[in-house]
Amino acid sequence: YRVNLPEKVPFSVKAYYGLGQFSVGSFGIMSRLCLFFFYSQVLGISPALVGFATAVATVFDAITDPIIGSISDNFKSKYGRRLPFLFAGTLPTSISIFLLFNPLVTGDAALFYWLVFFSCLTNFLSTLFVIPYFAVGAEITENYDERASVVAFRNFFYFFGQAFVMYLAYGYFFLPSEEFTNGQLNPAVYGPFSVVVAMLFLVTSVISIFGFKNHIPNNYRGNMESFSFSKIFLTIFRDIFEALSNYSFRMLFFGNVFLTISAGISFTLELYALTFFWGLSGELSLLLVGLAFYPGAFLGVFLSNYLIQAFEKRNVMVWGIILWILFIVVPIILSMNGLFPASGTVTLIVLLIISKIIQGLVIIPPDVAFNAAMADTADQQELVNSKRQEGIFFASAYFSIKASYGIGAAIAGVALSIIGWPTGSEAEITDLNIYNLGIILGPVVAVFGLIGGFIYSKYDLTREKHEQIRSQLKEKRG
């Protein structure tokens, strides 16, 4: 068990810890925004094939998450159980990011296998950093509200990393040229873009680790198990079963599945929406609309603690998701029915900017609440089985996120193939193609998201219940 954990985490520790999410956010946004678009629309592979490759890679990643979480939970070394994995996930991930966006092969089949292999490799290597990193966030304090503050710092840097890379994309790499009116269709920009993102991942992750490594608690004893590879799969599946036996965790897990399928469809098709559905081609309009999410997101980070304190984590998750879905879907449905400003107008750009800002504002507090609630369920689970299992809890949760995102990407790819979406940088896009794309971006996204919000509404670990759990843990630990 643990002793002498601070009720208040120093600002500098939160800041260094949060910086680690800059690396995750910078790579995550490039992968989310560009990977599907690059291999399908730019290199010309079938959307269904790219969607399938993405699904394979994310499911593989989801499977390895619990493995790393379980190993990390049970690992013993003079450097602690988290630190060796954190360092192991820095440089190799950066190299793999570069290779993912710089295929050394040609032809649909070879490109497909390259995409599958290096997507799997990059996700696995980044998992070495991400899963122990998230576990540390739950370990440095047990305070209900302070955990939300730690998550808020993490989210601030996550979205700062995303916003910075988005600025690089729309403000520099995707600028129009004589040959490519839409710069995102130019295959030559993705190589240097990936170099910059790979370096951002490496530098910020290493600085973050050195900044918070001395504050990782190592005073665990009692029921931790010595780890051996011969027991790895037994340990993993037992831990996942134990995690899913927790009602609070189940609601978070399955709510996240449906929400992430919704987000997976929407995020995978983000460049399609901006480029084709909304018809944005100038660098200024793309930059303004692409970045508009982040002012709202930053404000949402700062409001998260206040909202959680006032309304409980469950309510913040449910109502935030409902509002997020509304501001994604309503503009699309209005546009499909001729009730929204036409492409190329200033009014359209202004309304899209407002919509994006509100999306960022309303979805971040639910994300903060979700991550903080995950740490609370780890306390609840310790009361039951006397084990600290932050690693397997977060790994299992991110299993659901990554697997569901892969399902969302696969749905997006299959849907594009069903509507006969043309591929290649010189493809001709018809009005019917665009209308059918709107059906995917609007109603389909909404259905999955609202199911996730409904499941979140069943989560019942309140502040009062958590305080009771903390008191019982203190008595149990002696």
Side-chain angles (χ1 to χ4, degrees), residues 33-34 36-51 169-170 174-187 262-290 292-293 325-356 359 408-449:
L33 183 69
C34 301
F36 188 102
F37 191 88
F38 173 61
Y39 274 88
S40 180
Q41 200 64 35
V42 177
L43 298 184
I45 302 178
S46 160
L49 272 181
V50 178
Y170 294 130
F174 291 165
L175 291 179
S177 63
E178 292 184 5
E179 186 178 359
F180 294 95
T181 304
N182 291 308
Q184 56 268 37
L185 293 172
N186 183 359
S262 173
I265 299 170
S266 180
F267 294 161
T268 297
L269 300 179
E270 175 78 2
L271 266 182
Y272 288 85
L274 295 179
T275 305
F276 303 114
F277 188 84
W278 297 117
L280 304 181
S281 58
E283 65 271 23
L284 183 60
S285 60
L286 274 172
L287 183 62
L288 291 176
V289 176
F293 176 89
I325 290 292
L326 283 175
F327 281 93
I328 285 178
V329 172
V330 169
I332 292 170
I333 293 177
L334 290 176
S335 180
M336 292 170 64
N337 289 278
L339 301 175
F340 216 64
S343 298
T345 62
V346 174
T347 306
L348 172 68
I349 295 172
V350 170
L351 289 177
L352 289 178
I353 289 171
I354 293 172
S355 177
K356 286 282 189 179
Q359 287 174 37
I411 291 172
V414 170
L416 287 180
S417 293
I418 289 173
I419 67 174
W421 187 265
T423 60
S425 57
E426 304 296 329
E428 293 290 333
I429 310 298
T430 68
D431 289 342
L432 180 60
N433 292 143
I434 293 173
Y435 185 88
N436 290 334
L437 177 63
I439 294 174
I440 304 169
L441 294 169
V444 174
V445 168
V447 168
F448 286 104

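What you see is a predicted model, and the numbers here were worked out from it, not measured in a lab.
For the atom pair F174 CZ and L33 CG, the distance stands at 6.0 Å (nearest 0.5 Å). If you take CG on L287 and CG on L175, they are separated by 9.0 Å, rounding to the nearest 0.5 Å. The distance from atom CD1 of I354 to atom CZ of F327, rounded to the nearest 0.5 Å, is 9.5 Å. Going from atom CD1 of I325 over to atom OG of S262 covers 4.0 Å, rounded to the nearest 0.5 Å. A distance of 7.0 Å separates CG in N182 from CG in L286, rounded to the nearest 0.5 Å. Atom CZ of F293 is separated from atom OG of S355 by 11.0 Å, given to the nearest 0.5 angstrom.
The shortest heavy-atom contact between I328 and S266 is CD1-OG, 4.3 Å. Closest approach of F38 to P187, counting heavy atoms only: CE1-O, 4.4 Å. Of all non-hydrogen atoms in I434 and W421, the two that sit nearest each other are N-CZ3, 4.2 Å. When every heavy atom of V42 is checked against every heavy atom of Q184, the shortest pair comes out as CG2-O, 3.5 Å. Nearest heavy atoms, I45 versus S40: O-OG, 3.1 Å. Shown here for L437 and I419, the closest heavy-atom pair between the two residues is N-CD1, 3.9 Å.
Considering L280, L274, L352 in turn, L280 is the only one that fulfils the side-chain contact (heavy atoms from CB on, under 4.5 Å) rule with S285.
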- Trace of the side-chain contact (heavy atoms from CB on, under 4.5 Å) decision for L416 with L269: CA-CA 10 Å; L416 287 180; L269 300 179; 3.7 Å; yes
- Given side-chain contact (heavy atoms from CB on, under 4.5 Å), test F448 with I411 step by step and report yes or no. CA-CA 12 Å; F448 286 104; I411 291 172; 4.1 Å; yes
- Does the side-chain contact (heavy atoms from CB on, under 4.5 Å) test come out yes or no for F277 and S343, once each step is laid out? CA-CA 9 Å; F277 188 84; S343 298; over 6 Å; no
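Atom CG of D431 is surrounded by 12 or fewer heavy atoms from other residues, nucleotides or ligands within 6.0 Å.
For the pair P331 and L351, the minimum side-chain heavy-atom distance is 4.5 Å or more. Put simply, the side chain of M336 reaches to within 4.5 Å of the side chain of I439, judged on heavy atoms.
Sorted by first and then second residue, the salt bridge (charged side-chain N to carboxylate O under 4.0 Å, His left out) pairs involving residues 263-279 (not counting sequence neighbours) are E270-K356.
Aromatic ring centres of Y272 and F37 lie closer together than 6.0 Å.
Side-chain atoms of T181 never come within 3.5 Å of backbone atoms of S177 as a donor-acceptor pair (strictly under, hydrogens ignored). At least one donor-acceptor pair under 3.5 Å links the side chain of T268 to the backbone N or O of G264.
When the ring pair (Phe, Tyr, Trp, His ring centres under 6.0 Å) test is applied to F340, the partners found at least two apart in sequence or on another chain are W278.
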